[in-house]
2 protein chains.
Amino acid sequence: MIHDHLSQTFAALADPTRRAMLARLSKGEANVTEIAKPFLKEMSLPAVTKHLKVLERAGLISKSRDAQRRPCRLNGEAMRNAAEWMEQYRVFWEESFDRLDAYLATVTAKKKAKRSTNGPTK
Amino acid sequence: MIHDHLSQTFAALADPTRRAMLARLSKGEANVTEIAKPFLKEMSLPAVTKHLKVLERAGLISKSRDAQRRPCRLNGEAMRNAAEWMEQYRVFWEESFDRLDAYLATVTAKKKAKRSTNGPTK
DNA sequence: CGGTAAATTAACTAAGCGGTTAAATACTGA
DNA sequence: TCAGTATTTAACCGCTTAGTTAATTTACCG
């Protein structure tokens with residue numbers, strides 16, 4: 001209820017059905033019945049609608065309209081926020097120093113790329 | 001109940017209290033009362049124990065024993081698994097091609113580092 | 001208009017989660 | 001052994017979540 005956005009995103013990801021839906025959408029836009037097809041043996045269509053609503057409120061997907069269809073597409077931003085939060089823990093899973101070095105090198109590379117191309121990052 | 005490991009990890013991360021506990025542990029080992037201190041205005045000690053158990057079952061932390069204390073420490077592996085799952089969606093949040101290029105460069109750099117140094121990875 | 005397809009809403013249920021208080025356990029140290 | 005510190009367990013409560021079926025909405029098409 002107090003749920004901040006990050007919590008909502010992680011909660012949405014904490015379900016294999018929803019992760020499978022995201023995997024499907026990573027291959028391209030799809031409407032509700034198309035997304036539902038692989039799951040209709042296991043659950044009803046309203047259940048699918050609910051899962052999609054969870055993904056939508058978490059900002060992971062967005063729906064548009066095409067006649068009766070509601071084409072859904074993946075929305076990278078929410079997942080980026082989650083990934084960026086995780087990034088601060090990378091040092092804990094990069095177990096050897098030289099791999100940590102490699103990571104620090106990539107950070108430098110990224111900063112360079114960012115400096116050359118873009119604008120302000122929060 | 002059917003919860004696969006990845007779902008458990010994401011579910012554990014979907015709570016600001018638990019994320020704050022991880023942040024605390026990223027600064028170093030701490031036992032239960034130490035971890036609990038910032039939260040005892042908002043919740044009881046058993047509530048803290050429960051949160052820690054969620055983190056533990058998700059593999060995000062591990063407890064050891066020191067007399068009556070249960071020192072907890074962060075365990076990077078579970079978070080790495082989650083981060084690696086997310087990695088496949090990176091293309092959806094890397095909005096410009098040159099930043100994608102930069103990322104691909106880092107992947108190459110990592111491979112090189114691994115090849116040259118390596119050693120057994122648990 | 002009437003029929004059909006696509007998706008959502010309503011109303012309900014069972015189970016899980018986050019919290020509580022009270023009691024129990026584990027260990028130390030005089 | 002006894003008192004005290006650290007932590008967990010038990011039993012319970014209210015809310016949320018994931019699912020159901022039935023009904024409704026929305027838009028197309030012949």
Side-chain angles (χ1 to χ4, degrees), chain A residues 1-22 24-25 28-73, chain B residues 1-22 24-25 28-73:
Chain A
M1 199 163 250
I2 353 168
H3 268 7
D4 58 299
H5 204 168
L6 200 48
S7 296
Q8 260 182 272
T9 304
F10 281 129
L13 294 176
D15 182 291
T17 302
R18 289 193 290 262
R19 289 198 305 277
M21 288 171 171
L22 292 175
R24 165 69 187 80
L25 287 176
E29 225 176 76
N31 61 43
V32 177
T33 34
E34 285 166 351
I35 295 170
K37 193 153 315 169
F39 303 108
L40 292 180
K41 277 89 189 177
E42 311 154 15
M43 73 185 67
S44 68
L45 196 60
V48 171
T49 297
K50 283 187 178 184
H51 278 302
L52 289 174
K53 190 155 286 182
V54 171
L55 289 170
E56 196 179 16
R57 276 188 295 136
L60 289 162
I61 67 169
S62 40
K63 291 203 195 86
S64 44
R65 334 187 47 140
D66 166 28
Q68 313 101 23
R69 326 267 154 73
R70 298 295 130 85
C72 304
R73 69 180 190 291
Chain B
M1 201 161 247
I2 354 168
H3 269 8
D4 57 298
H5 204 171
L6 199 48
S7 296
Q8 260 182 272
T9 304
F10 281 129
L13 294 176
D15 183 291
T17 302
R18 288 193 291 260
R19 289 198 304 276
M21 288 170 170
L22 292 175
R24 164 69 187 81
L25 288 176
E29 223 175 78
N31 61 44
V32 177
T33 34
E34 285 167 351
I35 295 170
K37 193 153 314 166
F39 303 109
L40 290 181
K41 277 90 189 177
E42 312 155 15
M43 75 185 65
S44 67
L45 197 59
V48 171
T49 297
K50 283 189 179 183
H51 278 302
L52 289 174
K53 190 155 287 179
V54 171
L55 289 169
E56 196 180 16
R57 274 188 295 137
L60 288 162
I61 68 169
S62 41
K63 291 202 194 86
S64 45
R65 335 186 46 139
D66 165 29
Q68 315 101 26
R69 325 271 154 69
R70 298 295 129 86
C72 304
R73 67 180 191 292

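A, B, ... follow the sequence lines: proteins, then strands. Residue 1 opens every chain. Quick caveat: nothing in here was measured; it's all calculated off a predicted structure.
- Phosphate contact (OP1/OP2 of C/dG19, side-chain N/O of B/Ser44, threshold under 4.0 Å): absent.
- In this structure, B/Phe39 places its CZ atom 15 Å from P of D/dT7, rounding to the nearest Å.
- Atom CD1 of B/Ile35 and atom P of D/dT7 are 9 Å apart (whole Å).
- B/Lys50 pairs by the side chain to side chain donor-acceptor pair (under 3.5 Å) definition with nothing, not counting sequence neighbours.
- Taking the side chain to side chain donor-acceptor pair (under 3.5 Å) definition, one finds that A/Ser44 meets it with nothing, sequence neighbours left out.
- Here C/dT8 presents its P atom at 7 Å from CG of A/Leu52, a figure rounded to the nearest Å.
- The main-chain N or O of A/Ala12 is found under 3.5 Å from a side-chain atom of A/Arg18 such that the two form a donor-acceptor pair.
- Partners of A/Lys53 by salt bridge (charged side-chain N to carboxylate O under 4.0 Å, His left out), not counting sequence neighbours: none found.
- One can place CG of B/Leu45 at 12 Å from P of D/dT9, the figure rounded to the nearest angstrom.
- For the pair A/Thr17 and B/Val32, both in contact range of DNA chain D, the more 5′-proximal nearest nucleotide belongs to B/Val32.
- To the nearest angstrom, P of C/dA10 lies 11 Å from NZ of A/Lys50.
- Under the side chain to side chain donor-acceptor pair (under 3.5 Å) criterion, B/Glu34 pairs with no residue at all, not counting sequence neighbours.
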N/O contacts under 3.5 Å, protein versus nucleotides 23-30 of chain D?
residue	atom	partner	partner atom	Å
D/dA27	OP1	A/Arg65	NH2	3.4
D/dC28	O4'	A/Gln68	NE2	2.6

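- One interatomic measurement links the two molecules: CG of B/Asn31 to C1' of C/dT28, which rounds to 15 Å at whole-angstrom precision.
- No side-chain donor-acceptor contact under 3.5 Å links B/Arg73 and B/Ser64.
- Neither OP1 nor OP2 of C/dC17 sits under 4.0 Å from any side-chain N or O of B/His51.
- Listed by chain and number, the residues in a side chain to side chain donor-acceptor pair (under 3.5 Å) with B/Thr49 amount to none (sequence neighbours excluded).
- Atom CG of B/Leu55 and atom C1' of C/dC17 are 14 Å apart (whole Å).
- Relative to the side chain of A/Lys53, the nucleotides C/dG18, D/dT8, C/dT9 differ in distance, and C/dT9 lies closest.
- Distance, B/Arg57 CZ to C/dG18 P: 10 Å, rounded to whole Å.
- Phosphate contact (OP1/OP2 of C/dT8, side-chain N/O of A/Lys63, threshold under 4.0 Å): present.
- Dashed line: the shortest gap from a side-chain N or O of B/Thr33 to OP1 or OP2 of D/dT7 is under 4.0 Å.
- Across C/dG19, C/dG18, C/dT8, the shortest atom-to-atom separation from the side chain of B/Met43 is found for C/dG19.
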